[in-house]
Amino acid sequence: VEPTEQPAADHAAPPSADAARALGDFLVRLRDAYGRCVDACARVDAGATLQLAVAALRYAAHRAGPPHVAVLGPTQTGKSTVVNLLAGRGVAEVSPLAGFTVHPQAVQIGDAGTDEWTRDVLPDWHRVGATELSRDDLEAWSLIATDGRPPKPAADLFSDATPPPPHIVWDTPDFDSLAAQTYIRGVLEIAALADVWVVVLSKEKYADLTVWQLLDWLTPLARSAILCVNKLSPDVEPTVMAALEQRVTALDGHFAAAARTVLPHDPQLAESPDANTPPVDRLRGLVEDALANLPAPAERAAARRQATATLIQQHWDDWLAPVAAEHAARAAWDALVEDAAVEFLAAYERDYLNHPDRYDAFRRAAVELLELLEIPGIASWMSRARRVVTWPARQVMDAGRSWWSSRRPARDHLHSLGVETGVLVDTLETLLVRLERDLARQARADQAAAPVWRMLLERLDARQPQIRLDLRRAIEQHHERFSAEIRAAARKIYAELQQHPARLAALRTGRATIDVGYLLLAVKTGGLTPLDALWAPATFGLTSLLMEGFAGMEMERLTRRLKTSQRTAVEEQFIRGELVPALQGLIDDLDGPGVFGITPPQIEAARAALTHWEAGDG
Ligand SMILES: Nc1nc2c(ncn2[C@@H]2O[C@H](COP(=O)(O)OP(=O)(O)O)[C@@H](O)[C@H]2O)c(=O)[nH]1
Ligand SMILES: [Mg+2]
């Protein structure tokens, strides 16, 4: 169920497990959307912090099993060496090659009972034997069980009698090398799973920004932390430790309170992990203290929930910034479409309805009326013209072709239907061209939502032929509907005239000599041709004929009514009914790299789930 469909505020509170699931689904969706980004929203930090939050949310509920110690740090600092020191044996492979460890590798120290806990760890990855880990499959992890740290030599037996409780030590991949992008997820998962963090730094690496970046991301999760500076020689120790202090204090509290320890620059360390030198003992002692001081399970769960909620809240606005930009882009697109609709109507009014030469409802109605009057000679012209509707226009165009083509593109079928369809089609073409230009400009100007604009532009390009076809059909339908309306109106006037035989007779006999051929041309092309001057007298003759007496009054009233009805039809049926939905539809289910497709109600639902889950009832 999509979170949108269940606004939490309107429903009975679901148990917090449902809230956690809803929140987790939302974060995964957001993370995956970031994962698909190519440019504008391609942000490693957002992808990583979301990954961390998804894992933290999952492991907040994780209760059973032994405690986990995660050894984290940049490449070549000696993480694998530290893991071996903590295990007291060579379990993790140490290598002088940077980026050698690419999988999370667990070492179980002591008898942890069942290994049921492994089911909850890295749920969509798979566990393989330590020797089967392969660089070709990064979504894998391994577990090596040991029976505990080897006992100390006899001389030390009395100084440290109690062995540490069973626990898991994790060797993790580096997160700072270029290739690490692919396996940073393993690091973040294990960091979120862990109860104790051992951060291994070295003098070459303490200045490495990625370390502090990672520690900054981890800070809200507030696990027990130990900073271990490796490969230190006495001469550089004061300098390195002072620089470390500076960095750590800048980290918003948590790591400033972390225990610190150092390991010397001693090649023996990597070679004999069972050593019991004082620095190694101190490191082990700190880890054991941290394990001994872990909160009880119930407290641990509450603390993890609180910490995870803090992490999520800290990044929430930042994560959703491109989503907000996308919402703004959608609103801007709606506004562009609305502007286009308003402008379309304005152009239609300006270029047709209110245009002194082009508005032809009167002429069209007059022709219909003349036909009904059956003025000798006219009727046969009419029916011929009806049969070959384009004939007169074609004749004229042939005559003036060169003049014509230098000014306008060849007219199409809709132009030949009449002035109104011609204006509608031209306005539509202008609008499509303008929308393309606006979209291209927005794609350049609105960096944050550039993917949305580019995708809209692509869609407009791809769908334009179909949109044009559909809208042209709608224009033709409008023409047909309106022609029928004009005919019906003319018939009504004729019926009224029939009530007054004297007027009818006067009309029939009065001006029977109108040049109908020109008349039809004028009606069909509405003064848009260069031969306007020739047709005007014919139109004038017709006008004065019909304007006389009763028919004239009726015709005037009719024309006013037709104009209103035409405007309504174009606005409601064409613009609102066809044009606007076709354009708005372009943004529906927009999907692809850089498009989040997350709605405001979905965000609200996820926020409600967070609040609910954080409160922890259920
Ligand atoms: N000199 C010295 N070398 C070390 C120390 N710890 C690790 N090394 C070496 O540093 C290299 C990287 O160690 P490794 O544990 O694989 O680092 P990782 O990449 O962080 O896992 C190896 O060649 C180790 O032998 C140390 O304390 N002193
Ligand atoms: Mg390693």
Side-chain angles (χ1 to χ4, degrees), residues 69-107 130-135 138 140-144 168-191 194 196-215 218 225-237 240-241 244 260-284 286-287:
V69 177
V71 178
L72 309 162
T75 181
Q76 284 291 293
T77 52
K79 295 181 298 299
S80 298
T81 304
V82 164
V83 168
N84 288 340
L85 289 174
L86 291 177
R89 65 189 86 206
V91 273
E93 213 166 336
V94 171
S95 167
L97 300 174
F100 184 79
T101 313
V102 294
H103 299 94
Q105 286 175 271
V107 181
T131 55
E132 293 156 37
L133 290 170
S134 151
R135 283 183 171 261
L138 291 173
W141 63 284
S142 72
L143 171 66
I144 295 172
I168 313 294
V169 175
W170 287 87
D171 193 9
T172 62
D174 316 311
F175 51 82
D176 57 340
S177 58
L178 206 61
Q181 288 311 321
T182 48
Y183 40 80
I184 192 165
R185 180 172 166 204
V187 180
L188 297 168
E189 283 275 345
I190 300 310
V196 178
W197 293 325
V198 178
V199 181
V200 184
L201 303 163
S202 69
K203 72 172 191 301
E204 306 85 43
K205 288 290 175 181
Y206 77 86
D208 196 319
L209 275 182
T210 56
V211 190
W212 308 106
Q213 174 73 91
L214 177 73
L215 297 190
L218 294 181
I226 297 161
L227 300 177
C228 174
V229 185
N230 189 20
K231 305 192 199 178
L232 265 192
S233 51
D235 53 323
V236 295
E237 185 167 338
V240 170
M241 292 314 275
L244 176 79
R260 311 225 220 293
T261 189
V262 300
L263 287 173
H265 189 280
D266 175 5
Q268 271 302 108
L269 279 183
E271 273 140 45
S272 38
D274 53 348
N276 288 299
T277 60
V280 173
D281 276 346
R282 177 163 157 75
L283 172 67
R284 289 175 183 159
L286 286 175
V287 171

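Each ligand, and each atom within it, is numbered from 1 in the order the structure gives. Along the sequence shown, the residues carry numbers beginning at 1.
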Worksheet item: Out of Lys231, Glu93, Gln76, whose heavy atom is nearest to atom 26 (C) of ligand 1?
Response: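 Of the listed residues, Lys231 has the closest heavy atom.
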Worksheet item: Just going by heavy-atom distances, which of Ser233, Gly78, Pro173, Ser202 is nearest to atom 14 (P) of ligand 1?
Response: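 Nearest option to atom 14 (P) of ligand 1, by heavy atoms: Gly78.
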Which protein heavy atom lies closest to [atom], and at what distance to 0.1 Å?
{"atom": "atom 23 (O) of ligand 1", "value": "Pro96 CA, 3.4 Å"}
{"atom": "atom 6 (N) of ligand 1", "value": "Asn230 ND2, 3.0 Å"}
{"atom": "atom 24 (C) of ligand 1", "value": "Val94 CG1, 3.6 Å"}
{"atom": "atom 28 (N) of ligand 1", "value": "Asp266 N, 3.2 Å"}
{"atom": "atom 16 (O) of ligand 1", "value": "Ser95 N, 3.0 Å"}

Is there a side-chain contact between [X] and [Y] (heavy atoms, below 4.5 Å)?
{"X": "Leu72", "Y": "Val187", "result": "yes"}
{"X": "Glu237", "Y": "Val262", "result": "yes"}
{"X": "Arg260", "Y": "Val229", "result": "no"}
{"X": "Asn84", "Y": "Val91", "result": "yes"}
{"X": "Leu86", "Y": "Arg284", "result": "yes"}
{"X": "Cys228", "Y": "Thr261", "result": "yes"}

Just let me know how [X] lines up against ligand 1, side chain, backbone, both or neither, with a heavy-atom cut-off below 4.0 Å.
{"X": "Asp171", "result": "neither"}
{"X": "Ala270", "result": "side chain"}
{"X": "Pro264", "result": "backbone"}
{"X": "Thr77", "result": "both"}

Worksheet item: Backbone or side chain, does any N or O of Thr101 fall under 3.5 Å from an N or O of ligand 1?
Response: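 No, Thr101 has no N/O under 3.5 Å of an N/O on ligand 1.
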Which of the numbered atoms in ligand 1 are below 4.0 angstrom from a heavy atom of [X]?
{"X": "Lys79", "answer": "15 (O), 17 (O), 18 (P), 19 (O), 20 (O), 21 (O)"}
{"X": "Thr81", "answer": "6 (N), 7 (C), 13 (O), 14 (P), 15 (O)"}
{"X": "His265", "answer": "1 (N), 28 (N)"}

Worksheet item: N/O/S atom of Thr75 under 2.8 Å from the Mg ion (ligand 2), yes or no?
Response: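 Checking Thr75: none of its N, O or S atoms is under 2.8 Å.
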Fill in: N, O or S of Thr101 under 2.8 Å from the Mg ion (ligand 2)
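Looking at Thr101, which is the residue asked about, there is an N, O or S atom under 2.8 Å from the Mg ion (ligand 2).
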Item to complete: For atom CD of Glu271, decide whether the heavy atoms of other residues, nucleotides or ligands shown that lie under 6.0 angstrom number more than 12.
Response: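 It does: Glu271 CD has more than 12 such atoms within range.
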Discussion item. Under the criterion side-chain contact (heavy atoms from CB on, under 4.5 Å), I'd like the reasoning laid out for Leu263 against Leu232: C-alpha separation, chi angles, the key distance, then a yes or no.
Written reply: CA-CA 6 Å; Leu263 287 173; Leu232 265 192; over 6 Å; no
Worksheet item: Measuring from Asp171:CG to Lys79:NZ, what's the distance to the nearest 0.5 Å?
Response: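 Rounded to the nearest 0.5 Å, the CG-NZ separation comes to 7.0 Å.
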Worksheet item: Can you tell me how far the OG1 atom of Thr172 sits from the CD atom of Glu189, to the nearest 0.5 Å?
Response: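 Thr172 OG1 to Glu189 CD: 12.5 Å, rounded to 0.5 Å.
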Discussion item. Test side-chain contact (heavy atoms from CB on, under 4.5 Å) on Asp174 and Thr77; report intermediate values, then the result.
Written reply: CA-CA 9 Å; Asp174 316 311; Thr77 52; over 6 Å; no
Fill in: Leu269 near ligand 1 by a heavy-atom separation under 4.0 Å
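The answer is yes: ligand 1 sits under 4.0 Å from a heavy atom of Leu269.
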